[in-house]
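Notes for the one structure printed next.
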Amino acid sequence: MPSPVLLVIAHGSRDPRHAATVHALTARVRSLRPGLRVETGFLEFNAPSVPRVLERLAAEGADEVVALPLLLTRAFHAKSDIPSVLREARARLPRLRIHQADVLGPSPLLNAALERRLYEAGVTPGDKSSTGLVLAAAGSTDPEAIAVIAEIARELRHTGWCAVRPAFASASLTRTADAVRALRAEGVRRVAVAPYVIAPGRLPDRIAAGAEESGADVLAGVLGPSPELARLLLTRYDEARVPVNGAMSA
């Protein structure tokens, strides 16, 4: 039996860097598992759309698809948008079995990718004990998503950083610049900002602007097509394929 197709579902953006980064990530996934068919679909702004990809797969005779949200937390898109799109596709394409994988975070692999970007930006493992870290996420009005980011910040604090504060680029939440200033007020002399986002775009640019405005010492890059993130996509894909009561996860 052929393996189910992996369909990576990205949000999409008017910023061309977003789609380029997503495609670079899926290319890395293909390189890690040759023979696995990996497709990319977008919710908005970019082509191809998720429905269009699923229609094409059905027309080509595919039997099963694992739809994997390229999302770090379970917020509105994971709970509402993507399930709605997949329900509509199942109704139109009854012969195509579509299974939704879990979101990417939280995961130790994401934490490892985050630290990789910080080290690439100039932080060394020996710097952690004297460096405050701002974990800068996109932001959400969903309490579950906010709680996940706060928990990740607590976990990172126990890996050697002298202090860690979460920050957000949207919603009525602590902004990056305010988190940097708060660490300075606590006496932290060196502050690094780590964007907890996958691809460039409007919100990551807002994080970068906040880091510059507040005089952060280090600004890491977005997670992007890191090897850890590519491995995590395959982990979520494999988890979605595990039989649950005799059937794949829905």
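Keep in mind that what you see is a predicted model, and the values were worked out from it rather than measured.
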Between [X] and [Y], is there shared hydrophobic-cluster membership here, with clusters defined by ILVMFWY side-chain heavy atoms closer than 4.5 Å?
X      : Y      : value
Leu229 : Leu156 : yes
Leu109 : Tyr237 : yes
Leu72  : Leu6   : yes
Leu57  : Ile82  : yes
Leu70  : Leu234 : yes

Is there a side-chain contact between [X] and [Y] (heavy atoms, below 4.5 Å)?
X      : Y      : answer
Thr159 : Asn111 : no
Glu55  : Arg92  : yes
Ile9   : Leu7   : yes
Leu110 : Glu228 : no
Val197 : Leu203 : no
Ile198 : Val222 : no
Arg241 : Glu64  : no
Glu88  : Ser84  : yes

From Leu104, Leu32, Val38, residue fulfilling side-chain contact (heavy atoms from CB on, under 4.5 Å) relative to Leu233:
Leu104

Say you draw a straight line from [atom1] of [X] to [atom2] of [Y]; how long is it, rounded to the nearest 0.5 Å?
X      : Y      : atom1 : atom2 : answer
Arg74  : Asp142 : CZ    : CG    : 8.5 Å
Thr176 : Phe168 : OG1   : CZ    : 9.5 Å
Lys128 : Arg190 : NZ    : CZ    : 13.0 Å
Ser49  : Glu44  : OG    : CD    : 11.5 Å

Pairing of [X] and [Y] as salt bridge, 4.0 angstrom limit:
X      : Y      : value
Arg175 : Asp178 : no
Arg37  : Glu39  : yes
Arg236 : Glu239 : yes
Arg33  : Asp238 : yes
Asp63  : Arg97  : no
Asp217 : Arg189 : no

Derivation and outcome, side chain to side chain contact (heavy atoms under 4.5 Å, CB included), residues Arg154 and Val164
CA-CA 7 Å; Arg154 284 191 288 269; Val164 182; over 6 Å; no

Under 3.5 Å: donor-acceptor pair, side chain of [X], backbone of [Y]:
X      : Y      : value
Thr131 : Asp127 : yes
Arg206 : Ala169 : yes
Arg117 : Ala194 : no
His18  : Gly12  : yes
Ser170 : Ala138 : yes
Arg157 : Trp161 : yes
Thr235 : Arg231 : yes

Pair Ser140, Thr73 - check side chain to side chain contact (heavy atoms under 4.5 Å, CB included), show working.
CA-CA 9 Å; Ser140 172; Thr73 59; 5.6 Å; no

Within the supplied structure, the quantity of interest is the number of heavy atoms (other residues, nucleotides, ligands) at a distance under 6.0 Å from [X] [atom1]; does it exceed 12?
X      : atom1 : value
Arg52  : CZ    : no
Arg14  : CZ    : no
Glu144 : CD    : yes

Identify the two heavy atoms, one from [X] and one from [Y], that lie closest to each other, and give their separation to 0.1 Å.
X      : Y      : result
Ala192 : Leu118 : CB-CD2, 3.9 Å
Val193 : Ala216 : CG2-CB, 3.8 Å
Tyr119 : Thr124 : CE2-C, 4.0 Å
Val66  : Ala101 : CG1-CB, 3.9 Å
Asp15  : Gly201 : OD2-CA, 3.7 Å
Val5   : Ala62  : CG2-CB, 4.4 Å

Begin from the C-alpha positions of Phe42 and His23 and carry the test ring-ring contact (aromatic ring centres under 6.0 Å, His included) through to its verdict.
CA-CA 11 Å; Phe42 297 90; His23 290 308; 5.8 Å; yes

Steps toward side chain to side chain contact (heavy atoms under 4.5 Å, CB included) verdict (Leu36, Arg30):
CA-CA 7 Å; Leu36 174 63; Arg30 291 187 193 96; over 6 Å; no

Any chance you could lay out the side chain to side chain contact (heavy atoms under 4.5 Å, CB included) test for Val50 and Leu54, step after step, and finish with the verdict?
CA-CA 6 Å; Val50 174; Leu54 291 170; 3.9 Å; yes

What do the steps show when you test Arg181 against Glu186 for salt bridge (Lys or Arg N to Asp or Glu O under 4.0 Å), and what is the final call?
CA-CA 9 Å; Arg181 294 186 186 107; Glu186 293 172 9; over 6 Å; no

